[in-house]
Amino acid sequence: MLKHIVMWKFKDAEGKTKEENIEIVKNGLEALPEKVSHIKKLTFLKNQVECARNFDALLVVETENEEELEKYKTHPEHKAVASYVAKVTENRGAVDIWE
């Protein structure tokens, strides 16, 4: 299984607070497995300990392989959520690992 792990720092943007934006993104991402068949599992976690150095949220998307991951990344439903994410975040980190 290939795990695509992404972390973000969110901000107040699009007329919403940082917390509201985290919830909007969480809801959008958690709806994707029903719409994008390439996702085997999706987990969204929100940071629970206040620390300025911490990222605000973490996403783990599991796919069978790199081809399936690319199909997920380019799927219109994912692109719609990703477009909003780009507007409401100020920092991003990602890793892809085989497990």
Side-chain angles (χ1 to χ4, degrees):
M1 199 65 61
L2 181 59
K3 288 188 175 185
H4 176 61
I5 303 166
V6 185
M7 298 177 293
W8 300 278
K9 282 229 181 221
F10 281 79
K11 62 184 178 181
D12 293 348
E14 298 297 299
K16 307 279 189 237
T17 67
K18 174 178 150 177
E19 291 300 318
E20 289 172 321
N21 283 324
I22 292 170
E23 285 303 310
I24 290 167
V25 169
K26 177 183 187 292
N27 292 335
L29 290 169
E30 288 181 341
L32 289 180
E34 294 178 11
K35 302 172 184 177
V36 183
S37 63
H38 313 290
I39 299 170
K40 298 301 177 201
K41 183 177 178 184
L42 183 145
T43 306
F44 184 95
L45 301 166
K46 184 179 167 196
N47 182 54
Q48 297 179 358
V49 176
E50 281 299 317
C51 176
R53 297 176 310 189
N54 286 2
F55 282 84
D56 298 308
L58 172 95
L59 173 71
V60 181
V61 175
E62 296 181 30
T63 62
E64 290 290 330
N65 53 44
E66 292 175 53
E67 181 180 311
E68 295 296 297
L69 177 60
E70 190 59 30
K71 288 177 183 175
Y72 155 73
K73 288 179 179 179
T74 58
H75 193 283
E77 294 288 343
H78 171 259
K79 288 181 126 189
V81 177
S83 174
Y84 188 79
V85 170
K87 295 174 187 176
V88 300
T89 58
E90 57 190 5
N91 203 347
R92 177 189 183 274
V95 295
D96 296 316
I97 60 169
W98 288 101
E99 203 172 67

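If you run side chain to side chain contact (heavy atoms under 4.5 Å, CB included) between Lys73 and each of Glu68, His4, His38, only His4 comes through.
Members clustered with Leu59: Leu2, Val6, Trp8, Phe10, Ile22, Ile24, Val25, Leu29, Leu32, Val36, Ile39, Leu42, Phe44, Val61, Leu69, Tyr72, Val81, Tyr84, Val85, Val88, Trp98, by chain and number, using a 4.5 Å side-chain heavy-atom cutoff among hydrophobic residues. Other residues sharing the hydrophobic cluster of Val49, ordered by chain and number and joined by side-chain separations under 4.5 Å: none, the residue standing alone.
If you chain together hydrophobic residues whose side chains sit under 4.5 Å apart, Met1 and Val60 never meet in one group.
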Compile the donor-acceptor pairs under 3.5 Å between side chains in residues 11-18 and protein atoms, sequence neighbours left out, one pair per line.
residue, atom, partner, partner atom, Å
Asp12, OD1, Lys18, N, 2.6
Thr17, OG1, Glu20, N, 3.0
Thr17, OG1, Glu20, OE1, 3.4
Lys18, NZ, Asp56, OD1, 3.1

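Residue pairs meeting the salt bridge (charged side-chain N to carboxylate O under 4.0 Å, His left out) criterion with at least one member in residues 38-49, sequence neighbours excluded: Glu19-Lys46. Pairs passing the salt bridge (charged side-chain N to carboxylate O under 4.0 Å, His left out) check and including a residue from residues 78-98, sequence neighbours excluded, do not occur. The list of side-chain hydrogen bond (donor to acceptor under 3.5 Å, both in side chains) pairs with a residue in residues 57-66, not counting sequence neighbours, is empty. Residue pairs meeting the salt bridge (charged side-chain N to carboxylate O under 4.0 Å, His left out) criterion with at least one partner in residues 22-35, sequence neighbours excluded, are Lys26-Glu30, Lys35-Glu77.
The salt bridge (charged side-chain N to carboxylate O under 4.0 Å, His left out) search around Glu99 returns Lys3, not counting sequence neighbours. A search for side-chain hydrogen bond (donor to acceptor under 3.5 Å, both in side chains) contacts involving Asn91 returns nothing, not counting sequence neighbours.
Between Lys9 atom NZ and Asn47 atom CG the span is 8.5 Å, to the nearest 0.5 Å.
Using a 4.5 Å heavy-atom cutoff, the side chains of His75 and Lys71 are not in contact.
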